[in-house]
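One structure is given below, encoded as structure tokens.
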Amino acid sequence: MVLPGGLVDNKSTGQAAVEVEGLSVRFATEGGTVNALQQVSLKVAKGDFVSLLGPSGCGKSTLLRVVADLLQPSEGQVKVLGDLPAVARVRREFGFVFQEASLLPWRSALENVRLPMEVGKFSKHRATSRKPEELLELVGLSGFEKAYPRQLSGGMRQRVAIARALVANPTVLLMDEPFGALDEIQRDRLNVELLKIWQKTGITILFVTHSIAEAAFLSSRVVVMSPRPGRIKEVIDVPLPYPRNLELKDEPRFGQLTGRLRQLLAHE
Amino acid sequence: MPVKSSESEDVLTQNVSPGNVRLKRKNRARPAIVAILGAIGVLAVWQAIIVGLKVPEYLVPAPTAVWGSLTTDFALLMQNAWPTLVESVVGFLLGNGIAVGLAIIFVHNKTLEQIFYPMAVVVRTIPIVAIAPILVLLLGSGLAPKVAIAALISFFPTLVNMVRGLESVDKQALELMHVLSASKTEVFFKLRLISSLPYLFAALKISTGACVVGAIVAEWIGSDSGLGVLVVNATYQFRTPLLYATMVVASVMALVFFALIVLLERLIVRWETESETV
Ligand SMILES: Nc1ncnc2c1ncn2[C@@H]1O[C@H](COP(=O)(O)OP(=O)(O)OP(=O)(O)O)[C@@H](O)[C@H]1O
Ligand SMILES: [Mg+2]
């Protein structure tokens, strides 16, 4: 639900965008079975910006990949807008942004953004789409339509990847450490822009990061996870209002929040 | 917005301003000039040694003698170059075509790959000079055995490289295609095939030289025309300048062939080339 002024109501009720119940994922490895996730339950409401925060190996990517139908659960159930991930995938209910932009090097920025519309019987399954040109403008890349990935910086490539994930006009955007490979300045910029995009589009975002500040700055809710076995430790509602800008990071209440998250992460 | 339009225009026009292009051409021409000067130097030394030590022409001819043969025997050389060219080109197309087709089948059917790929690797280790007589016995003395040998010699590098190329697809790109619910055919044409092209061209470049060699070797064994026949006859008749001239023609043929493939690669595989700084 979008409130006047482009603000998104985080407490909107109704059907959840993502619903995870009793999810366990186990991998059989040479050293025995790895419990990547154990009995994880989580509900992401439509319009929410939820971050999965936790140390390396706590199962953040695993959780996101089950939602994206890139992994099968060992136990439990995942629903995206009430359907199984595989069904939601075909209907293009979600877009995915990887840590590496993974653009096709032989396609220009615009052609890369267009890719989702060219495969998987797009028009049969999805009535609405966005104009690739407008999306490049939305991510601040107008003028770069014809540029090839090798001519773009890491940050610019990630912007193209975000535009590509949005072209199918998905309800949910899944992002796995999308800015992990960028320097802090680029990351800050893209964080601000991602928030703008989120507020403009009213999309639901599930965002993986291991940066406390990034999670605190972006999210309406932070899911704190801990490893071995991967599980949810606590879900924190972020009391900071939107729109947020970078000055927020210097305020005491932001420090209090990151302090609390840090404490949660420290006590395993 | 952090990216201003003036900034973006700068970046996009940077590489096409005429001054930069001229600068690049000059830099590119330098290695060619050096190579040509080097070749001229080697030829000069060669000439000096042959003349100075009075080496008999049937043993090693001087560059001028080779040039003499190239001009006086030109008609003979071209007459024999033609069948070799046809055999090489047809063999090249056939061998590489089958290799690419087989690689595509292998990638889609693991069982077939597991059966035939090891076989191909074993056959590959048999030297072509050993296979050639067998094929001549099988296929007679016409065009067929030469084409078959040229095809065979181009076949293996392309098969191996193409299989590797088709399987070398970025894992994350495959996951992206899965998230986009792309069909197998779409994954093949939009991803695998294109990302295998650099591998394919690497193999094709090896094939260009190899198929000319294949055709010539096949002609040695049984033929009445072709550069291979000319090589054999010139050797028996001690017409050493003609022998050298034949080698020059064969090597020019392979070089032109190679250059054509490089040109094609430049036109198609554009994304691999890095921009140079200026
Ligand atoms: N394909 C796999 N095979 C075996 N084990 C796996 C596989 N994928 C993940 N794991 C294991 O599952 C656990 C969780 O991995 P996951 O990638 O989800 O962690 P993460 O929280 O995303 O970590 P990071 O922050 O480093 O990306 C790890 O212990 C990892 O070793
Ligand atoms: Mg991860």
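In the text below, chain A, chain B and the rest are named by the order of the sequence lines, each starting its count at 1.
Looking at residues two or more places apart in sequence or on another chain, you find no side-chain hydrogen bond (donor to acceptor under 3.5 Å, both in side chains) involving B/Asn109.
Looking at A/Arg107 and B/Lys190, their side chains come closer than 4.5 Å, going by heavy atoms from C-beta outward. By the 4.5 Å heavy-atom criterion applied to side chains, A/Arg89 and B/His178 are counted as neighbours.
Counting all heavy atoms, side chain and backbone alike, A/Phe94 lies closest to B/Val179 at CE1-CG1, 3.9 Å. Annotation for A/Trp106 and B/Leu191: closest pair CH2-O, 3.7 Å, computed over non-hydrogen atoms. Of all heavy-atom pairs spanning A/Leu115 and B/Met177, the tightest one is CD1-CE, 4.2 Å. Considering all non-hydrogen atoms of both residues, A/Ser102 and B/Leu176 come closest at O-CD2, 4.2 Å.
Both the backbone and the side chain of B/Ser195 come within less than 4.5 Å of a heavy atom of chain A. When heavy atoms are compared at a cutoff of 4.5 Å, B/Leu197 does not approach chain A at all. Contacts of A/Arg92 with chain B are made by side-chain atoms alone, with heavy-atom separations under 4.5 Å and no backbone atom involved.
Atom NZ of B/Lys184 has 12 or fewer heavy atoms from other residues, nucleotides or ligands within 6.0 Å. Atom CG of B/Leu37 has more than 12 neighbouring heavy atoms from other residues, nucleotides or ligands inside a 6.0 Å radius.
Judged by distance alone, the side chain of B/Glu175 and the main-chain N or O of A/Leu70 form no donor-acceptor pair under 3.5 Å.
Note that CE of A/Met117 and CG of B/Leu180 are 12.0 Å apart. Values are rounded to the nearest 0.5 Å.
Annotation: residues 159-173 of chain B contacts chain A through B/Asp170, B/Gln172, B/Ala173 [non-hydrogen atoms, separation under 4.5 Å].
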